Chemist: 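After the structure tokens below, expect a handful of questions from me.
Because the structure is a prediction, the values reported are computed rather than measured. Both ligands and their constituent atoms are indexed starting at 1 by order of listing. Numbers here are sequence positions counted from 1.
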Amino acid sequence: MFLKSLALRGFKTFADPTEIEFGQDSKITAVVGPNGCGKSNILDATRWVLGEDNARHLRVAALPDIIFAGTDKRKALSMAEITLVFDNSTGKLPLPFSEVAIKRRTFREGESEFFINKNLCRLKDIKDLLLDTGLGEGTYSIITQGQVDAILSSKGEERRLVFEEAAGINKYKTRKLSAEKKLIAAEQNILRINDLKVEVGEHLISLEEQARRAREYVETQTRVKEAELGLCKKLLGGLLEKKAKLEGELSLARQAAAAKVAAEEQDEVTLDTLKGSLRKIELEIEEQQVKLDSEKDRLRDLELNRRFIEGEIKREENLCADLQAKLDALRQKTLALSADEAAQGNAASSLNELEAVIHDSRELVNQLSLICGSLGRDNAPKLLEQKEIEATINLKRELLESEYQRSEQELDRARFGLQAHRSELDTIKPAAPSEMAAALSVLKVERDKLRLGISDLEEKVRREGSAEKAAGDATNALEIALAKLEGEMLGLTEKVAADYSLTVQELDALPYVVANVAKTRADVEAGKQRLRDLEPVNLMAIEEFERTKERLTFIDAQLIDLNAARENLRNLIIELDQRAEDSFTQTMSQLSSVFSETFAKLFAGGEAKVALAPGAPVLEADIEISVRPAGRKWLPLALLSGGERSLCAIAILFSLLKIRPSPFCFMDEVDAALDEANIGRFTEMLKDFSAATQIIVITHNKRTMAAAANIYGITMEEPGVSKVISMKLSETAI
Ligand code: ATP
């Protein structure tokens, strides 16, 4: 396995894509160039692609500073990318490829991407890949002047770091640091959680009582609810039964009432019909009565008329008789008058007779006048005005004669009238009112029957009315009872809905059963009283108590875990210390012998040792380096010359490289302080090492350059931008 090439793009001064190839035969490659041209940037690039993330180790303030920052002429770039290509034909890298490329890319935003053979991967994958290659942590793939300085440093810690790196204890240290941080965090957590446990425990005690009350409250509430709902269910069931019964009764009552109403209506219709018939009969009776009455009146009138006619007849018979008598008298008088007339000579003697005649005449006149009046004639009074007696006699005769005639006429008339009256009387026949009366009485019998029937029917209707009223009352009573019952049901339904948000159907579906209503009622009341006694209740306390209990259990478990973790961390730290110590001790012991050898080579004899200062723990002890150059005494490092000290440090670094071999090793100006003689021994050493390790040496020293099979010159033709020029050793002007 060897490094085939290093490709840089956008990394620090390597703005343009640049590739440095390392041939398999070129075991030593020198990178040369003036100060600041970017030689060490190649080293940084190698460090970075191998996973270095420490900005200080990469010689920048912050990681994005590794990206080309731009020059007067060039814009800054946004990405840096480094690729190391290894020849893997020996299969050292556990990948089935003869060539393996490791690439790292970063952007100004800060994120990095890693690739193995163009496949995106994690940094860890790269580290794992390189783990056993000598390019991993604690290996000497990069040796810098800084490490030489560190070894020479008077500060024990700085020196130790170089050796620790070689011993690979950095990983233990890092892990220990992390374990210690975790331990501190665990300790703090234990403290915090212990405090929390106390606090939660106290809270739990107060919650326990609250939770007990709340639990009792909830249980009582559940009991009350079940009992109350069972009660409601039972009551509702009872009410429903009653309701069904009442509804049945009501329906029957309504039917009965309706039947009664119908019967009454029927009877009323019949009654109306009967009343109509009665009215008709009564009218008929009235009419018949009127007829009868009028018949009676007519008969009475007839009777009166008959009596009148009979009276008239009698009177006329009398009148006729009178008139006959009068006529007879008048005939006598006329006869008498005719006799008198003959005897007339003495008026005086006859005056008194005349007066008697006048008197008689007058009476006759009066009678005649009366008769004439009755006969519609009125000419008698004229007779009275005749004063002269003679005239009177003539007149008397005339009068008598006329009277006689009139009386005859009158008698005729009277006889005629009598005859007429008699005829009329014959015509007057009394009717037969008895038939009418009989018919009337039949009607009356009929009427009376009707009246009786009506009265009976009215009585019946009255009875039916009372029965109907009774039925109505019964219906009303049932309706009121039903309404009351429905009210009770509604009350229960509303209560169930309001208190428990349940419908009747939901209530019905509940399994609660109540055996004894009175006892259950008492239980409900007692339960409610208990609830009132318990109030106020923190219902959340139950859950909170359980949660807090769980939390306390969790805290306990956490404490157990944390204590275990603390114990583990303590053990881990001890173990890490032990492993670091072992590793360090082993490395130091390995190094001790290799160093003496290397020293002898570089210093052309002599011996050297590196050891831990006694009296201090292995991982804290200073590292003491003492040398005994050929022909001299043991000396501490500090007593050597500057060049000797540098060579001594280089001997240590070579020794470290020996015990921790790496496929390649970059050396950055480690030869800076060496004189000609020492450079010679140094380059010899380089050559020795190059048998096992590819050496890329950054140097200003021409003899070092001369030891290289291949040289790359780094220039800055364009200010700020590195450019690589490959130079064959023969072409290089040394
Ligand atoms: P010397 O021989 O003195 O050790 P060198 O050749 O090793 O010098 P480097 O240390 O590799 O030089 O390069 C240092 C140069 O790189 C400095 O000029 C520095 O400004 C430049 N540089 C560092 N980071 C960036 C960057 N991100 N972009 C541009 N230039 C950078």
Chemist: Partners of Glu581 by salt bridge (Lys or Arg N to Asp or Glu O under 4.0 Å), sequence neighbours excluded?
Modeler: none
Chemist: Assign the ring pair Phe11 / Trp48 to parallel, tilted or perpendicular, where the plane angle (0 to 90°) is split at 30° and 60°.
Modeler: tilted
Chemist: What residues, two or more places apart in sequence or in another chain, satisfy ring pair (Phe, Tyr, Trp, His ring centres under 6.0 Å) together with Phe114?
Modeler: none
Chemist: Quick one: which of Ile28, Val85, Ile696 gives a side-chain contact (heavy atoms from CB on, under 4.5 Å) with Phe22?
Modeler: Ile696
Chemist: Kindly indicate, with the supporting measurements, whether the criterion side-chain hydrogen bond (donor to acceptor under 3.5 Å, both in side chains) is fulfilled by Asn571 and Asn568.
Modeler: CA-CA 5 Å; Asn571 290 339; Asn568 286 343; 4.6 Å; no
Chemist: Would you please name every residue forming a ring pair (Phe, Tyr, Trp, His ring centres under 6.0 Å) with Phe603, sequence neighbours left out?
Modeler: Phe599
Chemist: Under a strict 4.0 Å criterion on non-hydrogen atoms, which protein residues are in contact with ligand 1?
Modeler: Lys12, Thr13, Pro34, Asn35, Gly36, Cys37, Gly38, Lys39, Ser40, Asn41, Arg59, Asp65, Ile67, Phe68, Ala69, Glu669, His700
